[in-house]
K.L.:
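Take a look at the following structure, please.
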Amino acid sequence: MRIEVRCEVRPTENLEKVKKAILNFFAPEKIEIRKQENRRIIIICRAESHKSLLRLYDALRRQRILDAARSHLKKSIIGTTIVFHIHKQAAYVGSLSFCSVPEKESPLGAITFVVSCENPDQFIDWLTPMTINGKPFYEVEPPDP
């Protein structure tokens, strides 16, 4: 499993606040700050374990949005990769909000998650199991050892 989280830091934003928005839902093994020639700054975080997503896992359950998140993630599968976006400003305050059209729904840019794994359906079943009355109907083992 490989997980990469990317986010642009706009000129009007504080780098530490954007990092905090990412870290509210992701615990990376590596953080890289890239400064581009056009003065753009990109934060790239990487990890290779489902454990880096436990903050996201907990938030989905705490905010009781498993069904909506599951539907969103199912539509985000491309081969063995899942690409999804969350609202940067909401993430900063600890609230999880998915973006279908990031450039329109998150004016300062979204936080992009790219999860590559052998079995995307198993990953989605682990992260967002089906529910009955808002409670997980079953729990699936994490997708990696």
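This is a predicted model, so every value here is computed, not measured.
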K.L.:
Is there a donor-acceptor contact under 3.5 Å from the side chain of Lys88 to the main chain of Val18?
P.N.:
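Answer holds: no.
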K.L.:
I'd like to know if the side chain of Ser95 reaches the main chain of Ala91, judged simply by a donor and an acceptor atom lying under 3.5 Å from each other, with no hydrogens or angles considered.
P.N.:
no
K.L.:
For a 4.5 angstrom cut-off between non-hydrogen side-chain atoms, does Ser100 reach His72?
P.N.:
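Counting from C-beta outward, Ser100 and His72 do come under 4.5 Å.
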K.L.:
Is the shortest side-chain heavy-atom distance between Leu66 and Pro129 below 4.5 Å?
P.N.:
yes
K.L.:
Return the minimal non-hydrogen interatomic distance between Ile31 and Cys45, and the atom names on each side.
P.N.:
CG1-SG, 3.9 Å
K.L.:
Do Val9 and Ile42 share a hydrophobic cluster, counting only Ile, Leu, Val, Met, Phe, Trp and Tyr and linking them when any side-chain heavy atoms are less than 4.5 Å apart?
P.N.:
no
K.L.:
Other residues, nucleotides and ligands only: do more than 12 of their heavy atoms fall within 6.0 Å of NZ on Lys17?
P.N.:
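No, NZ of Lys17 has 12 or fewer neighbouring heavy atoms, counting only those of other groups under 6.0 Å.
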K.L.:
Under the salt bridge (Lys or Arg N to Asp or Glu O under 4.0 Å) rule, what pairs show up with a residue in residues 52-68, not counting sequence neighbours?
P.N.:
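Applying salt bridge (Lys or Arg N to Asp or Glu O under 4.0 Å) to every pair that reaches into residues 52-68, excluding sequence neighbours, yields Arg61-Glu139.
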K.L.:
How close do His87 and Ala90 get, heavy atom to heavy atom, and via which atoms?
P.N.:
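Closest heavy-atom pair between His87 and Ala90: ND1-N, 3.1 Å.
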K.L.:
Hydrophobic cluster membership, with links at side-chain heavy-atom distances under 4.5 Å among I/L/V/M/F/W/Y: are Leu15 and Ile44 in one?
P.N.:
no
K.L.:
Using a 4.5 Å cut-off on heavy atoms from C-beta on, say whether the side chain of Thr80 contacts that of Glu118.
P.N.:
no
K.L.:
Do you know which two heavy atoms are closest between Pro120 and Thr81, and how far apart they sit?
P.N.:
CG-N, 4.4 Å
K.L.:
Which residues pass the ring pair (Phe, Tyr, Trp, His ring centres under 6.0 Å) test with Phe25, sequence neighbours left out?
P.N.:
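If we apply the ring pair (Phe, Tyr, Trp, His ring centres under 6.0 Å) test to Phe25, skipping adjacent residues, there are no hits.
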K.L.:
Has the side chain of Arg70 got a donor or acceptor atom that lies under 3.5 Å from a matching backbone atom of Thr128?
P.N.:
yes
K.L.:
Looking at Ala68, is its backbone amide N or carbonyl O close enough to the side chain of Ser71 to form a donor-acceptor pair, meaning the two atoms are under 3.5 Å apart?
P.N.:
no
K.L.:
Say whether Ile86 and Leu108 are linked into one hydrophobic cluster, either directly or through other cluster members, by side-chain heavy-atom distances under 4.5 angstrom.
P.N.:
no
K.L.:
Please answer: with hydrophobic residues joined when any side-chain heavy atoms are less than 4.5 Å apart, are Ile124 and Phe84 in the same cluster?
P.N.:
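Yes, it is one cluster - the side chains of Ile124 and Phe84 are joined through contacts under 4.5 Å.
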K.L.:
Has Glu29 got a side-chain atom pairing as donor or acceptor with Glu48's backbone, closer than 3.5 angstrom?
P.N.:
yes
K.L.:
Sequence neighbours left out, what passes salt bridge (Lys or Arg N to Asp or Glu O under 4.0 Å) with Lys20? Give chain and number order.
P.N.:
none
K.L.:
Check the angle between the aromatic planes of Phe113 and Phe26 and answer parallel, tilted or perpendicular using the 30° and 60° thresholds.
P.N.:
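Perpendicular, since the angle between the ring planes exceeds 60°.
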K.L.:
Are the side chains of Trp126 and His50 in touch, meaning some heavy atoms are under 4.5 Å apart?
P.N.:
yes
K.L.:
May I ask you to list the residues sharing a hydrophobic cluster with Val114, side-chain cutoff 4.5 Å, ordered by chain and number?
P.N.:
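Members besides Val114, by chain and number: Ile78, Val83.
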K.L.:
Once salt bridge (Lys or Arg N to Asp or Glu O under 4.0 Å) is applied, do any residues pair with Glu8, and if so which ones, sequence neighbours excluded?
P.N.:
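Partners of Glu8 by the salt bridge (Lys or Arg N to Asp or Glu O under 4.0 Å) criterion, ordered by chain and then number, come out as Arg10, Arg40.
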K.L.:
In the structure I gave you, are the side-chain heavy atoms of Ile41 and Gln36 within less than 4.5 Å of one another anywhere?
P.N.:
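The answer is no; the side chains never approach within 4.5 Å.
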K.L.:
Any heavy-atom pair between the side chains of Leu23 and Pro28 that's under 4.5 Å?
P.N.:
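Side chain of Pro28 against side chain of Leu23, heavy atoms only: contact under 4.5 Å found.
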K.L.:
Hey, does Val5 have a side-chain heavy atom less than 4.5 Å from the side chain of Thr112?
P.N.:
no
K.L.:
Does Leu127 reach the side chain of Phe123, with side-chain heavy atoms less than 4.5 Å apart?
P.N.:
yes
K.L.:
Run the salt bridge (Lys or Arg N to Asp or Glu O under 4.0 Å) test against Arg46 and tell me which residues pass, sequence neighbours left out.
P.N.:
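Arg46: salt bridge (Lys or Arg N to Asp or Glu O under 4.0 Å) contacts with Glu4, Glu32.
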